[in-house]
Amino acid sequence: MPDDPKASAARSPAPAAPAAGEGVTRRGFFSWIGVAWISFSGAMGVASVSTLRFFFPNVLFEPPQTFNAGFPEEYIPGQVDNRFKESFGVFMVRDDSSIYAIKAVCTHLGCTPNWLEAEFKFKCPCHGSGFYITGINFEGPAPRPLERYRIVLADDGQIVVDKTKIYREEKGEWKDPEAFIAA
Amino acid sequence: MPAKNEEYARSVPLLNMVFALCSLGLLLGTLWMVWDDYYRSWRPVQRQFQALTAKHTEEALRQAEQAVNQEELKKIQEELQAVETRSKEKRKQLDELNEKRKRNTVRVYITDTNFKNTKSVFDAVRFAYEELAHQHSPRAAKKLEELHEVQKKLTEYKLANDQALTEQAEIKKQTEALVGDRAGLDMKRQDLLAAVDRLQKKLDAVAPKGLVMRAFEHVRNAPLLDFMAPDLKVQQVVLDNQNKDINFVTIPRVDRCQTCHLGADQAGYENDPQPFTTHPQQEIYLASKSPHPVDKVGCTVCHRGLDRATDFLDAAHWPDSPEQQAQWVKSHDWHPKEHETSPMLPSRFIESSCLPCHQGVVHIPDAKKWNHGKDLVERVGCYGCHKMKGFEGLRKAGPPLTRLTWKTDPQWAYPWIENPPAFRPATWMPRFFGLSNNSSPADVARTQQEIRGMVTYLFEKTEPGGFPKLPGTGDPPRGEKLVTSVGCLGCHAVARLEKSPPSLRRRFGPNLDGIGSKAKPEWIYAWVKDPKAYFPETRMPNMRLTDREALDITAYLETLKAPEGWKPGIAEADPKLQDELVKDQMRARMMEEEVEAKMASMSEHEKELYLGQRMITRYGCFGCHLIQGFETTPPIGTELSEEGSKEVDRLDFGFVHIPETRQDWITEKLKNPRIFDEGKVKSPDEKLKMPLFNLTPEEREAVVTVILSMVKEKPQMASTYLLDSRHKALEAGRRLVQEHNCQGCHLLDGEGQDIRVTIARQLMEEGLGEEEADSRAVAFSPPYITGEGARVRSDWLFRFLKDPTPIRPWLSVRMPTFGFTDEENNTLLKYFTALSQSDFPFETPPVQPFPPAEIAAGKKLTSTDYFNCFSCHQQGARKPEGDPSGWAPDLALARSRLRPAWIEDWIKDPQKLYPGTKMPSYFDPGSFETSGPDDVLGGDENKQIQAMRDYLLTLGSDRSGS
Amino acid sequence: MQWFKSAVDWLCNPPILFTLIFIVFFLAYLWKKLTWLWTPRACVVIFLAGGLFVAYGLTDPNFRAIVTKPDNVPIVGMLFLTGFFSWLSMYLGTRNDARIGKNLPPEEKLESEIKILVWPDLVYTEFLCMILWSVLLIIWSIYLKAPIEEPANPAKTPNPSKAPWYFLGLQEMLVYYDPWIAGVLLPGLIIVGLMALPYIDPNKKGNGYYTFAERKWEILTFQFGYLVLWVMMIITGTFFRGPNQNFFGPFERWDVHKVVPLSNINLSEVFWVKMLNLGLPGNWLVREGLGIILVLAYFTVIPMFLGRTLFKRFFEKMGMVRFQILMFLLLCMVSLPIKMYLRWLFNMHYVVAIPEYFFNI
Amino acid sequence: MADAPRKSLFTQFRESQIWNSIFRHGPPDNTRNRSLAVLTNVFLHLHPVKVRKSGLRLKYTWCAGGTTFFLFLVETVTGLLLMFYYRPTAEYAFSDILDLRAQVPLGIMREIHRWGAHAMVIAVWLHMLRVFMTGSYKPPREFNWNIGVLLLVLTLLLSFTGYLLPWDQLAMWAVTVGSNMARATPFLGNEGPGAALLKVGDISLVTAGDDARFALLAGRFVGAAALLRFYVLHCVGIPLVAAVLMAVHFWRVRKDGGISGPL
């Protein structure tokens, strides 16, 4: 700082180095400006990716995608259990040999079907699609059977329904060992 | 001057270099920021858990593999092999079938499509017809025809489809018949290997194999990429029913504890170190079948701490012991978290979290420490000075002092007040004097005058009267026999009779040590004869003693003297000091001149009285004792109803260096109630005055647990334990049981019969070995009455409780007369019936008269030829032979006393209803069908029992029980 | 070193601290022998000493607790920055003054005629500044977590409760003045005064370069307000005010139970009761008459007097209106130290006390 | 240079159509292009083409004003991001901050935002000190000094309104204490001098329910309404005004003759 102002004024016509580019690259592999721009771009890149990452929250307050659905004994053969319909949108069904979790979304336009105990079928209130207890469509406009969720037994013998994975009949996925549990 | 314009002020290469350095800094800074943001303390913890799970799973896998039934597996595999060979052998037929199946598949497809298409046409036509019909259109009829047409077609297609499906099933059957059921075998094999498969899958998930999967494991959890299917992630439960109170608003708790405590709700980690340990008592906590499933109750509602935290310190962990603290300091650099209103509860106080949800119960199931603490609070009478929610309306803990002259004299009272344990080490009466803040010579001189004043006041303000002289002299040894046998020891203890410290229930009534130095014999005599005559609200029941017995007991109790070295007597009066004290008291209430005037007008005695009255006010004696002139004075202590939520900075820690937490403060306060005066300069009136209670460290911890449980926060209705009418009846009964210490003598609700140890000791004195005495004591103790509701008839029990008569002639212990009101009686009846889930209050008796043949059979069975019932059982006036200690209850009472159904159960298996009973088991529960005599009623055991029941019900008259 | 800590604690007592600062401030700026302060060597010495003091202080738990509180860290930074830049401006100013004394133009003049293209010099520098600041902020943020305390609780007032740090100067004034003065009037006047500054400053010199000699009065007044009455008040309010707004030295433990006698007295009580031995008159106008007269006199007599004597030059230069405004603002500013001393020396609570109308001065 | 110089990749890119469509001038190595670089750039043309050399010196400007502006930008960006995870309600504000600290990816935004705010307050004070010490408020820059004073006040208000948002004890009570002063505003605050005079009969016109502090807090105490109010002021109201004033401030710097210097 204790520059003599005169001196600095005299020194002024500095070597006319361009701001960036050719002049420097000629000097060889290493150049400050190269390092500068690479690390600057790197920093900006990391910052941008971080900002993107920012938009994927680590914790959610939605109902969990996986839930415990009690023990197999709690389900009565030949009955459709409605207890998780409201909280998780799932029909739990037990037939003679298996238990499966039907996604309570009509394959027509996404309404929630109802289980009609008297008529022994799922009926969609919107356009009248009907499904058997297995979820196979048999009447109304629904183009394909209801979907099933992944269902497994936890270590403690409890049923765990995992809504992140879906099994479709028309793709032959209902035979997958995780599309039902044997009972 | 263009040249000038070309000028640069700074050297660009230099700037470039600065730029490069800055940018490098920026890059490093940004990377560091990302890493810092990514690398949270829970990540390595989850990695550790994966390794641990892998270890456990490998172990389990090995076991599962060994557990597989190899023979079975081999058989299935062989069968599969056979299927394979057969399908090779019968290739030709199989090919044919396959060909058939292919054709059938096409057919199924076509028919099904036809059906579905026609179905949609049908739906459309039906809709069109309905519309037309609704509009009364002339075209409706034509549409209807069309509808029928389509319907016919539909039926056809349906039929065709059904046929195709039948054929499909047929082909399948044929194939199976030809080569075997391959699918079925596969299924069987899968079933057999299910456990192995599951474990293998689990192992693959926690410990991926192969380079690709292992690399993927790192990539999916890498910084910035960990939003795509990471397997290390924050675990949380959102608890809509568990509110967290954040001052005037409540929000659902979001418990993330399981981010690190990954094994808490899984069996198999019991022996692993924290944070992975399985939570103890899974049947009560965390498991989904337990009453406190983790996804409904969470963790922090009981353990407290910051629900959302995922870091050890941030969660506000709190060590349970100095050792744990030292360990945490080492492992986690632990220190108390700042700015945390609700740090975790040390686990030794964890039961204080039960109360908010378990309101309105006498005891909380499984909360042993809390229950103990609650009993202690009632016993020592904390609620006398401190208002405490849940302890309202209880009787004062100490005896009334309104008839003091009837009972004792000032010579005893003075040293008692000064130092109660010196006279009776086990007393509940706390100590006020000679403590850390009033032991200096000046303090002692002052307190001596204060006690003098109190004694003077108490003996002045008594009702006139007293008891008459004893009608004779008693015999102390006989008295001791009575005291040890009639049941006094169910509630009282006498040091010289005890081998081990008496239980809390046996400290229900005052310890009797030294009573001979304390109470006048006339008072003792009158008291044991009829306690309510002296103190109507006493809980001491009437033992229905004869004059002789009362005299003997009095004589015995008179022999229980004060410990050696204890001397009755009152400190010297010091009028000058007393004047000063009286003046000090007055100065706080009036001007100096008035004080002088008032002093001049008072006699020494009046001054003493005044001082006594002031001191009783100050020390709050009336909190536990009824004292004239203080009947309505409000309690003097801090209210404790929300002590568990009290801000820690509102507690004065003074100069005492202990951890600044509620629990430490309260514990310290109970240990030495005056400790927070240490190092402070205070006038006598400003000094702390809470007395020192005679509690062991365990008892103190229990009391602290209770105090901590009294919190401000109200849980949501949905998460509280609501009492139904049965449980309400149970709790009301338990309250009475508690108040009258029934469990001191009876085993009830799974607890009690504390008196048994004294009976066992007596039996040992009579020469029995320790083990035998213990087992015999069951029979000689008051009966188990948990099943009383099922055993006896309500009307009988009602009468019995009002006026007990001996049922078991062999017992020397007496059921006392408690003098229950009708209301209390009914409460108890409802309690007993609710406890055994029997009907209340009445039930239809079996239809009478019974068939004579049955009665005859019953009579026969009870006779000496068979079970010989009356060799022990009394039957009305007919007594069995031998010593009464071998007798059994009067069967003539059965009709009015017992429930018929119970008689059957009892005869069938008495040990089941009453383990340890003297009643022999005539029917072997192991081989019931063959255990009865064969020659009565065709050898049918059930009929035999019923016959005996019916016979017993014919004995005695209708009202013989009263 | 206990003696040192006790000495510092004692020195930080507001009466002593502010008296010292007033003296040091004026001596530093006005006493010729202290001009060595405006040399780089002095700067290094002072900052080394300051740094050493803080470093030593950090070994003390009480000092550390208050200084490392996340929100207080920037204040320590501000203290050093303000000190440095005040020194820098004086250093550059005195250098220019020397040149001016030799009839040379100020340093800036040498370059002010030279025009430089902003590309790349200015833009590049700005760019580098931004990067540096980004790095600084990132590292600062990694090291120091933003504070979050207990959830807001309207039912429980923390002790002490303080305003955000940049308003702690105002809160500190509240010790001496009622809220309507300390919290409303004075901050309002600060803003008004700052805005009025270009219009009431009669000095045409010193525009566009650092100088002290040419703008002695302006700089003294401004720095007195900024350094002493604003920055130092913030420091006091942040570091030396503990529970119950009691004073605590930097090495003293913040004990909630510390008791400090507060027995303040109003001017009217001094006058009517102590001096005249009479009771307080019932009528507030009579009662507070003396105070009101004193305050009015302060704002009228002193400007008139000064305008004829010491500030005659200003008065002539500025004219009546501008002079009166200047004097009013100056007097308001000076009223703060005056009130501080009245409090410290005489326990003076209010000069005018009309609680009936919330009008206390 | 006998060999045909091999053009570097960067050079090729620089000669491409894309580059030329963005930067309509050659490399800034001569006066014309250096001027164009500034003139044809919407962000840079805030600057004049040339400045005084004395005004370029860091020892003269301390870069305090520029720093303040940069920090304002930092606050805008980080603040915007924070708004994605923060709800200004009594129920959620506090726990959202807790989650920002521990769970939100790059929750360090909050730290940057807070320390940036503190730095901005300090920077703006230093800028004022610099402007004063160089006498730059003197004619012809009186008006711009006034804008600057307003911006200083706005900076403090921005910081003050933001201080409440974490909704913890520190925030609530700092704002309570800070806003209590409004209670004492003459005539407008219910504890201010003169307020007692404003009454009709027995009915006071200025009470805790309608005074200056009430208007600030939308309530008698710092509650949920105040939180929302401060949030809106902090995120929208004050930044908007500040942005407008900043535009004026920068524009006037140029119009008043650029960075000050001796005449």
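The chains referred to below are lettered A, B, ... by the order of the sequence lines, with proteins before strands, and numbering in each begins at 1. Scope of the values below: all heavy atoms of this structure, side chains included, with no hydrogens, waters or symmetry mates.
Within a 6.0 Å radius of CE in B/Met591, other residues, nucleotides and ligands contribute 12 heavy atoms or fewer. Within a 6.0 Å sphere centred on NZ of C/Lys102, other residues, nucleotides and ligands contribute 12 heavy atoms or fewer. Under a cut-off of 6.0 angstrom, the local environment of NZ in B/Lys680 is crowded, with over 12 non-hydrogen atoms contributed by other residues, nucleotides or ligands.
Ranked by heavy-atom pairs under 4.5 Å with chain C, the first of B/Val249, B/Asp652, B/Asp649, B/Leu21 is B/Asp649. Counting heavy-atom pairs under 4.5 Å between each of C/Pro158, C/Ser134, C/Ala152 and chain B puts C/Ala152 at the top.
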Sequence neighbours excluded and cut-off under 3.5 Å, please list the side-chain donor-acceptor pairs for residues 135-142 of chain C, or say none.
{"residue": "C/Ser141", "atom": "OG", "partner": "C/Leu137", "partner atom": "O", "Å": "2.7"}
{"residue": "C/Ser141", "atom": "OG", "partner": "D/Ile112", "partner atom": "N", "Å": "3.3"}

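Contact annotation for B/Glu647: only side-chain heavy atoms (C-beta onward) come within less than 4.5 Å of a heavy atom of chain C. Contact of B/Ser23 with chain C is made through backbone and side chain together, with heavy-atom distances under 4.5 Å. Heavy atoms closer than 4.5 Å to chain C are found in both the backbone and the side chain of B/Phe19.
The stretch residues 62-80 of chain C places none of its residues near chain B, where near means some heavy atom under 4.5 Å from a heavy atom of that chain. Among the residues in residues 28-38 of chain B, those with a non-hydrogen atom closer than 4.5 angstrom to a non-hydrogen atom of chain C are B/Gly29, B/Thr30, B/Trp32, B/Met33, B/Asp36.
The only member of B/Arg253, B/Arg308, B/Arg256 that meets side-chain hydrogen bond (donor to acceptor under 3.5 Å, both in side chains) when paired with B/Gln236 is B/Arg256.
For the atom pair CD1 (B/Ile251) and CG (B/Asp240), the distance works out to 11.5 Å, reported to the nearest 0.5 Å. If you take CE on C/Met130 and SG on B/Cys22, they are separated by 12.5 Å, rounding to the nearest 0.5 Å. Rounding to the nearest 0.5 angstrom, the gap separating the CG atom in C/Leu122 from the CD1 atom in C/Ile116 is 10.5 Å. Once rounded to the nearest 0.5 Å, the distance linking CG of B/Asp677 with CG of B/Leu688 reads 3.5 Å.
The ring pair (Phe, Tyr, Trp, His ring centres under 6.0 Å) search around B/Phe312 returns B/His317, B/Trp328, B/His332, not counting sequence neighbours.
Residues C/Tyr91 and C/Phe212 have side chains not in contact (no heavy-atom distance under 4.5 Å, counting atoms from C-beta outward).
Side chain to side chain, C/Thr211 and C/Asp97 meet the donor-acceptor criterion of an N or O pair below 3.5 Å.
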